[in-house]
Protein chains: 2
Amino acid sequence: MSDAYYLQLTEHLRELIRDPERLTDGRLPPERLLAERFRTTRMTLRQALAQLEGEGRIHRSNRRGWFVSPERLLYDPTRDAGFNDYVRAQERVPRTEVLAVETRPHPPAAQALGLPASHAFYHIRRRRFVDDRAVLAESLWVVPERAPGLLEHRFDHSLWGLLRKHWQIELAHRSIRMMSEALSRQDAKDLGVTPGTAGLGINRAIFDGERRPVEYDEEHWLHDAICVTVDI
Amino acid sequence: MSDAYYLQLTEHLRELIRDPERLTDGRLPPERLLAERFRTTRMTLRQALAQLEGEGRIHRSNRRGWFVSPERLLYDPTRDAGFNDYVRAQERVPRTEVLAVETRPHPPAAQALGLPASHAFYHIRRRRFVDDRAVLAESLWVVPERAPGLLEHRFDHSLWGLLRKHWQIELAHRSIRMMSEALSRQDAKDLGVTPGTAGLGINRAIFDGERRPVEYDEEHWLHDAICVTVDI
DNA sequence: CTGGCAATCTGGTCTATACCAAGGATGGTT
DNA sequence: AACCATCCTTGGTATAGACCAGATTGCCAG
């Protein structure tokens, strides 16, 4: 069934990837070298690489090179387990960087929570790592009335843990949406990947036991970094 | 901020797309024509198209052309509403084609349901349309002991409806997984798209009230066709 | 009127090459 | 030891052109 050459290339590359000994730090050889080795042009080779990227087998770090993608992290967005906890539970190493903390309106959050568009929120933006790979850019918008003084705290741990502990907030109702996307300029930059890289967007609107709005958040994951799970 | 040219192209194309009057049947002009119009090469133009494809704004039907993508269908995989019902509830037109019905073992289903790998299942494969666009290729594997004689029925309506009605099966526990993927050769062919097109895979293992395995299924959606929702 | 073949349209694949721009390493300076 | 300018490596973008292969259309023959 004489295939397109780039599809044959993916097979060769798959072999290369399977064999951790043939790679250093899970890093693939440079495109030019691979193209030469397989007697083709960089363009054709890149088509093969793009295919494997779509399958989630390899990924690239902007202008640094191609790397073998690790196992996907299992992630259940319906639970309120903290990032650090569920990453560690899977024997991976979590890390969080807080990129910004501010107070300002955010119409999309307001709309999702049923508040007027001009309503101000505590906004926290973070970048999260698994085994030192930046895989998630997230923004949270918390309704200030629910957690006055929130911004005095540190945000490198679970925000929901904070809300529960200091303000006794019970996260009752959640409305979750997930869809494939192309990472925005900003998210791509924060994650160190090419703009337009495939991603998975997850956003949640969260209400307390009395149906009062508590928080809205948006997560932008590298598409190959997670496998979403839900158990009911 | 002088951008890459293909990114400027995406802006022009976005304009083109916004304006339904400039397109016939939501169909974009041929690549060669667009390339000429924007004074660039087909390769560069295709990069812009690929970007918009990743954003879910346009899609292509294998060797037929590029089309503007419709609104995403909202889909809650935790509910057992039938496809026809929730599609119609969103004022869209559903259609289902049964591609295959057979009895045979399927190790992945067996594993997900905790059965021996050699266990035989009723296997049903369908293709589902929204507004005449094939958006979903799905396979279901039903445990025969739960629904003897199932294959005598028709499968263009809700399978879960059938199970409830004829065998009084209550779908109690579900284990759901979702991840981005590249569509397989077979799925791509069934959906009339290029192999390797970005997709969203959803699979479920379902048990009855007594924790007995009932069914395992795999759904392969075009990535731009749905927005997954979950409310808790 | 209908079935089938052929031309044509459209995207799909591939070659060969050039230059750009960000990341990282190097080595010298302070 | 910290810092910074520079160079090199690597992917990112772009051109120009050629041929392949499935989908569609339309014509022609039966």
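Order of the sequence lines sets the chain letters (A, B, ...), proteins ahead of strands, with each chain counted from 1.
- Using a distance-only test at 3.5 Å, with no hydrogens or angles considered, a donor-acceptor pair links the side chain of Arg204(B) to the main chain of Pro77(B).
- One atom, CG of Asp190(B), and another, P of dG22(D), lie 16 Å apart when rounded to the nearest Å.
- Residue contacts shown for Thr194(B) are limited to sugar-phosphate atoms, with no base heavy atom under 4.0 Å away.
- Going from atom CD of Glu31(B) over to atom C1' of dG12(C) covers 9 Å, rounded to whole Å.
- A close approach under 4.0 Å does not occur between any side-chain nitrogen or oxygen of Arg60(B) and OP1 or OP2 of dT10(C).
- Inspection of the Glu55(A) and Gln51(A) side chains reveals an N or O donor paired with an N or O acceptor under 3.5 Å.
- Here the two rings, on His119(B) and Phe121(B), have centers that are under 6.0 Å apart.
- One interatomic measurement links the two molecules: CZ of Arg63(A) to P of dA25(C), which rounds to 17 Å at whole-angstrom precision.
- Where Asn62(A) and Thr44(A) meet DNA chain C, the nucleotide closest to each residue was compared, and Thr44(A) sits on the side nearer the 5' end.
- Within the structure, the ring-ring contact (aromatic ring centres under 6.0 Å, His included) test picks out no pair touching residues 175-198 of chain B (sequence neighbours left out).
- Judged by distance alone with a 3.5 Å cut-off, no donor-acceptor contact links the side chain of Arg64(B) to the base of dA23(D).
- Across all strands shown, Thr40(A) has heavy atoms under 4.0 Å from sugar-phosphate atoms exclusively, and none from any base.
- Contact between the side-chain N/O atoms of Tyr6(B) and the OP1/OP2 oxygens of dT13(D) is found at a separation under 4.0 Å.
- Each of Arg46(A), His59(A), Arg60(A) was compared with Glu53(A) under the side-chain hydrogen bond (donor to acceptor under 3.5 Å, both in side chains) criterion, and only Arg60(A) meets it.
- Near-neighbour residues of DNA chain D inside residues 45-53 of chain B, defined by a heavy atom below 4.0 Å, number-ordered: Gln47(B).
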Would you tabulate the pairs of protein nitrogen or oxygen atoms and nucleotide nitrogen or oxygen atoms of nucleotides 17-19 of chain C closer than 3.5 angstrom?
none

